[in-house]
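Remarks on the structure that follows.
As the structure lists them, so they are numbered: ligands from 1, and atoms in each ligand from 1.
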Amino acid sequence: MPDFRAETDAEGICTVTWDVPGRSMNVMSFEGLATLAALVEAALADAGVKGIVLTSAKPDFAGGMDLASFAGLKARGPAAIFAGVMEIHALMRRIERAGMDARTLRGGKPVVAALPGTAAGVGLELALACHRILVADNPRARIGLPEIKVGLFPGGGGTTRLARRLGVMAAAPFLLEGRMATPAEAKAAGIVDEVVPAATLLARAREWILAAKDADLVKPWDAKGWRMPGGAPYSPEGYMTFVGASAMVNGRTQGLYPAARALLSAVYEGALVPFDTALRIEARHFTTVLVDPTATAMIRTLFLSKEALEKGAARPGAEPDRSVRRLAVIGAGMMGAGIARVAAEAGITVALLDATAAAAEAGRARLAAALEAEVARGRLAAARRDATLGRIAAGADYGALADADLVIEAVFEDPQVKAKVLAQAAAAAPGAVIATNTSTLPVTGLAAAVGGAATFLGIHFFSPVEKMALVEVIRGRATGARAVATALDFVRQLRKTPIVVNDARFFYANRCIIPYINEGVRLLAEGAGPALVENVAKALGMPVGPLQLMDEIAIDLAVRIARATRAALGPGYADTAVDEVIFPMAEAGRIGRKAGAGFYDYDARGRRTGLWPGLAGRFPARPADAAEVRDRLLLVQVLEALRALDEGVLEEPRAGDVGAVLGWGFAPGTGGPFGWVDRVGAAAAGARAASLAARHGPRFAPPARLAAMAAAGSRFYPD
Ligand code: NAD
C-alpha cells in the first residue's frame with residue numbers, strides 16, 4: 001500500500017490523504033515523496049480537478065522525515081544528498097506554483113493543508129508550500145520544525161519559507177530552537193492561517209478552495225516588489241537583526257553545532273537572492289550539515305537510540321504489558337510530589353503518602369500551588385490542573401497501598417528511614433512492585449528491607465521531575481523481570497526515556513557527574529581560576545559549569561555525600577583535595593544557591609550575579625592551559641562512563657550515551673561519551689588519558705578497553 005492516496009469528488013476537490021501503512025505517525029520517505037509527486041502531478045493535469053486538500057488519515061499529520069532514509073542517501077555521498085534534497089524542493093515548489101503561469105501568476109489550482117494534529121519537520125514544510133494552512137483545534141497537536149534538536153536544520157524549504165513568511169526575528173525561535181507550538185500559538189505566530197474545529201477541518205478546506213482567487217495562491221515572495229519582513233540583510237533593520245542573531249547563535253552554541261551556523265547562513269545568503277536560488281543555497285548547507293559527524297552523532301543518540309530505549313530495547317521480552325493504573329508514592333517532598341504529578345498527568349491514579357496525613361496534604365498543596373502558578377502564566381489549562389489533582393489522594397494510611405501496581409519510596413535519604421518505610425510498604429502491598437528513588441544508596445542493600453524480593457528495584461528520577469526526560473531503572477542483584485518490565489512500562493506511560501543499569505554506588509549518571517564537578521573544584525584549588533574553569537566547560541558543550549552545578553546541588557549535600565563515601569570506601573577514598581575546598585565553604589555558610597552564597601554570589605531573587613570575588617583570595621590564580629583544563633573536564637567524565645561499561649553497570653554504550661546527554665547534559669554535539677571516543681578514535685582517547693594520568697594521577701588511567709579497541713581498529717558504533 002502506498003503512503004498517499006487521492007480521491008476526487010463530484011465538485012472537483014481532490015483529497016490527497018497521507019497514511020503510511022503500519023505506523024501510528026506518518027513519516028516521509030523518498031518512496032512516499034515519489035508517490036505524492038505523482039498524485040499532485042495527476043491532479044494538476046486533470047481538468048476536472050479544481051483544487052487539492054492535503055491531509056492525513058491518522059490523528060496527526062506527520063512527524064517528519066524518516067531519518068533512516070537519509071542514512072541510505074548519506075552512504076551515496078554529498079552529490080546524492082544534494083540531488084535528493086533538490087527533489088524535495090522540486091515537489092514543494094510544484095505544489096506552491098500549482099500550475100500557475102510564471103509571468104502572470106494566474107491559473108494555479110489552490111492547495112490547502114488540512115492538519116488534523118501534529119505537523120513536525122517535513123510535515124510542516126509541506127504545509128508551508130501549500131496556499132492555506134488549516135489546523136484542527138486538537139489540544140495534543142504540536143506544530144514546528146524540531147530538526148535543530150538532532151543536529152540538523154529544516155532542509156525541505158522550511159528554513160527559506162518560514163524566514164520569508166515571518167521575518168528572521170519572529171522565525172528565530174522556531175528555526176534555531178526547534179520550538180513546537182500549539183495550534184493557537186502557531187496561529188498567533190503566523191505559521192498557520194486558521195485553527196478550526198476538528199469536525200469541520202475538511203469542510204473548511206473545501207470551502208476555501210471553492211472561494212480562492214488567483215491572487216490567494218501567490219506567495220508573497222513570488223509577488224512583485226516583495227521585501228523580506230523585518231528587513232533584508234542590507235537594510236538598517238536587517239543589519240541589526242543579522243548581527244544580533246549571529247552573536248546570539250554563536251554565544252549559545254559556542255560554535256559547537258554546525259547546524260545552527262549553517263541555518264543562519266542559509267537564511268542570510270538566501271535573503272539576498274531570488275527564492276529558487278535560496279532553496280538551492282538551503283540544500284547546499286543542509287548537505288554539508290548532514291555529512292558532518294555532529295549530525296550523525298546527535299541523530300544516533302537523540303533520535304535512534306533514544307527511541308529504541310523508549311520502545312523497550314532493554315525490556316524483558318516475555319513479560320506481558322505491565323502498565324501502571326494505580327501508583328503509591330511514599331514521601332511527599334520535592335521528588336515524591338513531582339513523581340505524583342507526572343504520573344497523574346499520564347492518567348494514573350496516585351496515593352501520595354507521608355509520615356503524617358498533614359505532611360502528605362502539605363505536599364499535595366505545594367504541588368497544587370505550583371500548578372496554579374502555571375495556570376496563571378497561561379502554561380497549563382485549568383481543566384488539566386483539575387484532572388491532575390483529582391487523581392492524587394494524599395494521606396498517611398498504608399491501607400491506600402492495597403491495590404497499587406507500583407509503590408515508589410521517595411523519603412529522606414537515610415538508610416534506616418528507608419528500610420522502615422520499605423518494609424511497611426511490602427507488608428501493605430504484597431502484590432506490588434516496590435521501587436526506591438534513592439540517588440546514592442545501593443539498591444541491593446535496601447532490598448534487605450523487603451526480604452530481598454525480586455519485585456524490588458530502583459526507579460531514579462532526576463530533579464525537577466516534570467522537566468527531566470531521563471529515568472534510571474536500577475536492577476538490584478535480586479531484581480526480577482516483572483519489576484524491570486513494570487518500571488519500563490511506567491516510564492513509557494510518563495513519556496520519559498529509560499535506561500536500565502545494574503546496581504552500583506551512584507548508579508550511572510551521578511557516578512559520572514560527581515567526577516566532573518570534583519574536577520572543576522580541583523582545578524579551582526590548583527589555581528586555574530574559576531572563570532576559566534566555568535567558561536572552558538561551556539566551550540566544551542556542557543550546559544552548566546562544574547562550580548555552578550555544585551552551587552545548584554548544594555555544597556552541604558556534597559559534604560554529606562563525601563562523608564558517606566569516605567566512610568564506605570575507607571583508605572580507597574581519593575577526593576580529599578576536593579573536600580579541602582568544599583568543607584571550608586560549607587563551614588563558612590557558602591553552601592550554594594539556596595543560601596544565596598556559594599562559588600557564586602546571588603541577588604535577593606536567587607539569580608547569580610557573578611563568581612564570588614572571595615575565591616580569588618582563597619585560591620590565587622596561576623597561569624593555566626585552557627586545553628589541559630578542557631581535557632580534564634571532558635575525560636574525567638568519559639573515563640568514568642567507560643568504567644561503568646567495563647564494570648557492567650551499563651550493559652551497552654547506547655544507554656550510556658543517551659543517559660549522559662539527557663541525564664547530565666554531556667556535550668550533546670558529541671552524541672555522548674562513547675560517541676566521543678568513536679569520533680576521536682580509541683587510540684587518541686587513550687593517549688590523551690595516559691598523558692593526563694602521568695600528570696594528575698590514576699583517575700585518568702585509560703581503561704584497557706581503549707588499547708584493545710585501538711589494536712583491533714574497533715568502535716562502539718558501526719561507522
Ligand atoms: P524531601 O526532603 O523534599 O522529601 C522527603 C519527604 O519524605 C518529606 O516530605 C518527608 O516528610 C518524607 N518522609 C520522611 N520520613 C518519612 C517516613 N518515615 N514516612 C513517610 N514519609 C517520610 O527530599 P527529596 O529531595 O524529595 O528526596 C527524596 C528522595 O529522592 C531521596 O532518596 C533522594 O536521594 C532522592 N532523590 C533526590 C533528588 C533531588 O535532586 N532532590 C534527585 C533524585 C533522587
* Structure fact -> In terms of its nearest heavy atom to atom 20 (C) of ligand 1, the top option of A425, A509, A355 is A355
* Option whose closest heavy atom lies nearest to atom 5 (C) of ligand 1, chosen from A410, G458, G331 ->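 The option holding the nearest heavy atom is A410.
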Any atoms of ligand 1 less than 4.0 Å from a non-hydrogen atom of [X]? List them with their elements.
{"X": "T438", "value": "32 (O)"}
{"X": "K418", "value": "31 (C), 32 (O)"}
{"X": "A332", "value": "9 (O)"}

Inspect the contact between [Y] and [X] and indicate whether a charged nitrogen and a carboxylate oxygen are less than 4.0 angstrom apart.
{"X": "E372", "Y": "R385", "result": "yes"}
{"X": "E413", "Y": "K418", "result": "yes"}
{"X": "K306", "Y": "E310", "result": "yes"}
{"X": "R315", "Y": "D489", "result": "yes"}

* Find out whether the Lys NZ or Arg CZ of R300 is both under 6.0 angstrom from the six-membered ring centre of Y717 and within 45° of the ring's axis. =>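 Because its charged atom sits under 6.0 Å from the ring centre and within 45° of the axis, R300 does stack over Y717.
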* **R608 to Y600 six-membered ring, cation-pi geometry met (6.0 Å, 45°)** => yes
Looking at [atom], what's its closest protein heavy atom, distance included?
{"atom": "atom 7 (O) of ligand 1", "result": "V411 CA, 3.3 Å"}
{"atom": "atom 6 (C) of ligand 1", "result": "G333 N, 3.7 Å"}
{"atom": "atom 15 (N) of ligand 1", "result": "V417 CG1, 3.6 Å"}
{"atom": "atom 40 (O) of ligand 1", "result": "S463 CB, 3.3 Å"}
{"atom": "atom 44 (C) of ligand 1", "result": "N437 O, 3.3 Å"}
{"atom": "atom 41 (N) of ligand 1", "result": "M334 CE, 3.1 Å"}
{"atom": "atom 2 (O) of ligand 1", "result": "F412 CE2, 3.5 Å"}
{"atom": "atom 33 (C) of ligand 1", "result": "E413 OE1, 3.6 Å"}

* To do: Examine the proximity of ligand 1 to V421 and report which part, side chain or backbone, both or neither, has a heavy atom under 4.0 Å away.
  =>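 For V421, the contact with ligand 1 is made by the side chain alone.
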* When you look for heavy atoms under 4.0 Å from ligand 1, do you find them on the side chain of D354, its backbone, both, or neither? ->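 The answer is both.
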* Asked: Is any heavy atom of the protein nearer than 4.0 Å to atom 36 (N) of ligand 1?
  ->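 Answer yes: something from the protein, a heavy atom, is under 4.0 Å.
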* Relative to each other, are the rings of F462 and H460 parallel, tilted or perpendicular (30° and 60° limits)? -> tilted
Under 3.5 Å side-chain donor-acceptor pair for [X] and [Y]:
{"X": "T609", "Y": "D603", "value": "no"}
{"X": "Q493", "Y": "S323", "value": "no"}
{"X": "E409", "Y": "N437", "value": "no"}

* Asked: Does the separation of the ring centres of Y508 and W664 fall below 6.0 angstrom?
  ->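 Aromatic pair counts; centres sit under 6.0 Å.
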Tell me whether [X] has any N or O atom under 3.5 angstrom from an N or O of ligand 1.
{"X": "S439", "answer": "yes"}
{"X": "H460", "answer": "no"}
{"X": "M335", "answer": "yes"}

* Tell me, please: is F461 in heavy-atom contact with ligand 1, that is, under 4.0 Å? => yes
* **Verdict with reasoning, L540 to F666, per side-chain contact (heavy atoms from CB on, under 4.5 Å)** => CA-CA 9 Å; L540 187 65; F666 182 91; over 6 Å; no
